[in-house]
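I have placed the structure first, in the form of structure tokens, so that the comments after it can refer back to it.
Numbers restart at 1 for each chain; the letters A, B, ... are given by sequence-line order, proteins then strands. Small disclaimer: the values here were computed from a predicted structure and weren't measured.
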Protein chains: 2
Amino acid sequence: MNKNNVNKSVTMRDVADHVGVSVATVSRTLRNPEVVSPAVRDKIAAAIESLGYLPDPAARALASTRSDIIGVILPSVSNNVFADVMDGIYSAVEGTHHSVQLGYSRYAPLSEENLIRVFLRQRPAGLIVAGVDQTEAAQALLREAGCPVVQIMETGSNPYDRMIGFSHYDAARAATAHLIAQGYRRPGFLGARMDPRTQRRLHGFRDELRAHGIEEGKRIQTTTRPSSVTLGSHLLAQLMDLAPETDAIFCINDDLALGAMFEAQRRNLRIPDDLGICGFNDMEMMAAAEPSISSVRTFRREMGEGAVQLILDALSGSAAQEKVVDLGFQIIQRRSTRGR
Amino acid sequence: MNKNNVNKSVTMRDVADHVGVSVATVSRTLRNPEVVSPAVRDKIAAAIESLGYLPDPAARALASTRSDIIGVILPSVSNNVFADVMDGIYSAVEGTHHSVQLGYSRYAPLSEENLIRVFLRQRPAGLIVAGVDQTEAAQALLREAGCPVVQIMETGSNPYDRMIGFSHYDAARAATAHLIAQGYRRPGFLGARMDPRTQRRLHGFRDELRAHGIEEGKRIQTTTRPSSVTLGSHLLAQLMDLAPETDAIFCINDDLALGAMFEAQRRNLRIPDDLGICGFNDMEMMAAAEPSISSVRTFRREMGEGAVQLILDALSGSAAQEKVVDLGFQIIQRRSTRGR
DNA sequence: AGGCGTAATGTAAGCGGTTACATTCGTCAA
DNA sequence: TTGACGAATGTAACCGCTTACATTACGCCT
């Protein structure tokens with residue numbers, strides 16, 4: 001199909017011949033320019049430019065012990081929380097000589113373990129994984145990865161290597177505390193997917209209720225189905241049917257919150273008077289909604305950028321002391337929880 | 001899968017020694033099992049399993065003329081239209097021996113051209129690019145790529161290789177026709193980003209108005225800023241201020257439509273009576289909104305899956321005749337355009 | 001002038017696979 | 001029995017780059 005391949009690609013050999021030096025010198029001006037004399041360096045740069053030379057990453061990876069790939073393993077493609085993280089990752093990688101390789105575990109730890117294995121096989125420059133809920137085997141792999149490993153989305157006391165995120169438990173507690181502070185006395189909880197991260201939010205919610213001596217009753221509605229706006233509507237419907245006393249809800253993400261808001265409107269519940277609503281993540285739409293919806297702001301883009309930065313720092317030896325970076329969160333109050 | 005030690009990874013050499021054959025035989029049982037005797041084949045398979053051998057993709061790519069990477073170049077990380085496409089792509093790639101390499105052009109043709117160059121350098125198994133608006137140089141590269149190339153998101157008459165998508169022009173015309181059929185006589189247009197694809201939707205809108213002899217007046221509100229729900233609110237506000245006669249809007253995506261709906265509610269415009277709203281893409285939330293919002297359904301996941309399938313077919317020689325696959329679209333009517 | 005240290009460059013051995021070509025071996029027809 | 005032949009396997013040359021080590025060139029000191 002391509003014996004007479006038109007992109008007879010130009011190799012380092014071509015550049016070397018063009019300048020009249022050895023390939024080693026070309027390689028050096030690319031890797032350690034400082035050991036090459038300025039005159040030669042300039043000629044090589046010119047040749048690279050005029051011939052349109054681009055290094056072959058496979059050859060580079062094979063010859064050196066490192067590829068320049070930063071592997072990223074996330075649970076979900078479609079969750080827009082991760083889209084923001086990816087945005088941060090890509091923007092931090094831009095301008096470096098690194099490239100990103102993305103894998104999706106679909107929330108399946110075994111699938112994640114397998115991806116880790118495959119990714120490590122390429123001797124990546126670094127690895128970014130989500131959270132702390134890896135399988136035993138995956139944990140072992142990550143601890144011996146032989147490259148910087150950054151866990152994102154969470155904080156914790158025992159990272160494999162480094163970690164950047166925030167405490168889902170604390171964030172959920174704070175959101176719940178906010179609802180209570182606004183005078184709501186019968187807050188409910190809407191959760192979907194219920195992966196470990198979501199579970200931690202539920203714990204936070206429960207503990208905060210308990211701290212205030214509030215019974216949770218039947219006001220915790222969860223499902224393992226993936227989150228969606230529609231699901232938010234369903235869950236609120238379910239909640240109000242089972243626990244009509246509910247006067248506020250904490251939703252594990254903004255999609256659910258939005259769906260719940262729509263459902264509340266359908267039921268002629270006044271927001272925030274009859275029902276307070278608080279989302280999670282503070283996606284852009286929450287501010288635009290009518291009424292605007294309170295949420296817990298998280299720093300997703302920063303998480304992605306920070307993760308890449310941690311890897312680059314480790315690679316360049318300029319790594320900071322702290323193993324764990326806590327980006328925190330912020331309760332953003334809007335009309336939907338203006339209280340009673 | 002016993003030896004988890006990735007640092008001194010097990011190579012084909014190890015497998016060969018373990019079985020007592022040459023590496024060539026191991027390589028063959030991986031690439032063309034049929035030329036290896038069943039007995040040896042089984043022993044090798046067992047050794048691979050027990051040693052936990054994983055091939056080194058870099059070495060493979062270097063030695064063969066093809067890597068097993070499918071390159072994907074999209075304009076935007078955060079646009080959730082592309083998230084759905086990616087979902088389709090990843091799910092179609094799963095189970096094959098291919099992997100995905102993702103690049104983002106940020107809507108910049110030159111950046112796209114550069115990515116194409118870099119990706120082609122890896123002799124990818126295939127390439128997926130968005131749309132038809134490449135630079136001259138990029139077009140030349142793609143026509144001579146030496147691997148299957150699939151353009152997604154659009155249809156057209158002159159693909160570089162293959163194409164799968166739908167007509168944005170037709171879709172916009174159909175949506176506009178729908179508004180008119182519902183009795184709206186002064187439809188407006190809200191557009192953001194205004195990349196070439198969006199422009200085509202605008203053309204469709206305009207042509208349909210013209211076909212009905214409707215003046216567009218000042219009812220076309222666009223901006224080059226990236227789309228968001230908040231921006232939808234702003235644009236509607238602007239539109240109603242400049243052209244209060246507007247009785248319906250076609251929004252180039254669902255985010256804008258949602259934002260416009262919120263703004264309409266703030267202004268106490270009744271939907272659909274005072275203002276009809278039609279979005280584009282039919283994201284999941286449109287059905288859940290209150291009122292539910294009409295939209296143009298597009299088949300994004302299918303586009304991603306289809307694109308990968310086209311590449312796999314081309315690779316296996318079982319490619320179909322048609323160069324262009326039109327996935328079409330569907331007008332989904334909901335309450336927001338129930339007419340007057 | 002001869003010797004030496006240093007900076008700049010060249011030489012060549014891999015990295016882990018693929019694959020054209022060579023070799024071995026068993027089978028079968030003559 | 002023997003030679004021919006095809007199937008199975010081995011041998012070794014790459015693929016394009018990196019890098020340890022060898023070599024060269026040159027300036028400076030004694």
Side-chain angles (χ1 to χ4, degrees), chain A residues 2-3 5 7-44 47-48 51-69 97 118 120-125 146, chain B residues 6-44 47-48 51-69 97 118 120-125 146:
Chain A
N2 43 29
K3 202 56 208 159
N5 199 339
N7 2 1
K8 178 148 200 82
S9 45
V10 2
T11 73
M12 199 172 257
R13 168 91 267 147
D14 299 320
V15 176
D17 291 351
H18 191 263
V19 177
V21 296
S22 70
V23 292
T25 303
V26 178
S27 176
R28 275 190 290 257
T29 104
L30 260 30
R31 310 297 285 175
N32 317 41
E34 64 279 7
V35 307
V36 178
S37 73
V40 175
R41 200 193 302 160
D42 290 350
K43 281 202 283 186
I44 290 177
I48 286 177
L51 296 176
Y53 167 75
L54 282 175
D56 180 329
R60 199 212 275 289
L62 184 55
S64 56
T65 30
R66 287 278 77 128
S67 77
D68 43 23
I69 292 175
H97 65 287
V118 169
L120 283 180
R121 192 63 181 82
Q122 339 199 357
R123 291 165 257 108
Chain B
V6 174
N7 295 334
K8 50 174 263 257
S9 45
V10 4
T11 73
M12 199 173 257
R13 170 91 266 148
D14 300 320
V15 176
D17 290 350
H18 191 261
V19 177
V21 296
S22 71
V23 291
T25 302
V26 177
S27 175
R28 275 191 288 261
T29 105
L30 260 30
R31 311 297 285 174
N32 321 39
E34 64 278 6
V35 307
V36 177
S37 72
V40 175
R41 201 193 302 160
D42 290 349
K43 281 202 284 188
I44 290 177
I48 287 177
L51 296 175
Y53 167 74
L54 282 175
D56 180 328
R60 202 213 274 291
L62 183 56
S64 56
T65 33
R66 288 280 77 129
S67 77
D68 42 22
I69 293 175
H97 65 286
V118 170
L120 284 181
R121 193 64 182 83
Q122 338 200 358
R123 291 166 256 107

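Of the candidate nucleotides dT11(D), dT9(D), dG16(D), dT11(D) has the atom nearest to the side chain of A24(B). For L62(B), the side-chain atoms get nearest to dG16(D) when compared with the rest of dT19(D), dT9(D), dG16(D). Taking only side-chain atoms of S27(A), from C-beta outward, the nucleotide of dC17(D), dT9(C), dT18(D) with the closest atom is dT18(D). When the nucleotides dC17(D), dA8(C), dT19(D) are ranked by their closest atom to the side chain of R28(A), dT19(D) comes out on top. With dT18(C), dC17(D), dT19(D) as the choices, the nucleotide that has an atom nearest any side-chain atom of R31(B) turns out to be dT18(C). Among the nucleotides dT18(D), dT9(C), dG16(D), the one closest to the side chain of T25(A) is dT9(C). The side chain of V21(A) approaches dG10(C) more closely than any other nucleotide in the set dC17(D), dT9(C), dG10(C).
dC17(D) atom C1' lies 14 Å from atom CG of L54(A), rounded to whole Å. In this structure, R13(A) atom CZ and dA12(C) atom P are separated by 12 Å, rounded to whole Å. The separation between D17(A) atom CG and dC17(D) atom P is 12 Å, rounded to whole Å. For the pair H97(B) NE2 and dT18(C) P, the computed distance is 10 Å after rounding to whole Å. If you take CZ of R41(A) and P of dA8(C), they are 9 Å apart, rounded to a whole angstrom. Nucleotide dG16(C) holds its P atom 9 Å from the CG atom of D14(B), rounded to whole Å. Atom C1' of nucleotide dA8(D) and atom CG of D42(B) are separated by 15 Å, given to the nearest angstrom. The CE-P distance, from M12(B) to dT11(D), rounds to 16 Å in whole Å.
When the side-chain nitrogen and oxygen atoms of R60(B) are compared with OP1 and OP2 of dT18(C), one or more of them lie within a distance under 4.0 Å. For the pair T11(A) and dC15(D), the criterion of a side-chain N or O lying under 4.0 Å from OP1 or OP2 is not met. Side-chain N/O atoms of S64(B) include none lying less than 4.0 angstrom from OP1 or OP2 on dC15(D). For dC17(D), the OP1/OP2 oxygens have a side-chain nitrogen or oxygen of R121(B) closer than 4.0 Å.
Contact of the R31(A) side chain with the R60(A) side chain is registered, since non-hydrogen atoms from C-beta on lie closer than 4.5 Å. Looking at heavy atoms from C-beta onward, T25(B) lies in side-chain contact with I44(B) at the 4.5 angstrom threshold. Inter-residue side-chain proximity for Y53(B) and L30(B) is flagged as met; some heavy-atom pair is nearer than 4.5 Å.
Annotation: the span from M12(B) atom CE to L51(B) atom CG amounts to 12.5 Å, rounded to 0.5 Å. Atom CD of residue Q122(A) and atom CG of residue L54(B) lie 10.0 Å apart, to the nearest 0.5 angstrom.
Along DNA chain D, the nucleotide closest to A63(A) and the one closest to V35(B) are compared, and the more 5′ of them pairs with V35(B). Closest-nucleotide positions on DNA chain C for N32(B) and A58(B) were compared, and the one nearer the 5' end corresponds to A58(B).
Using a 4.0 Å heavy-atom cutoff across all strands shown, S22(A) reaches at least one base atom of the nucleic acid. When heavy atoms are screened at a 4.0 angstrom cut-off, V26(A) is found touching no nucleic acid atom at all.
Residue R41(B) comes nearest to E34(B) through the heavy atom pair NH2-CA, 4.3 Å, listed as atom of the first residue, atom of the second, then distance.
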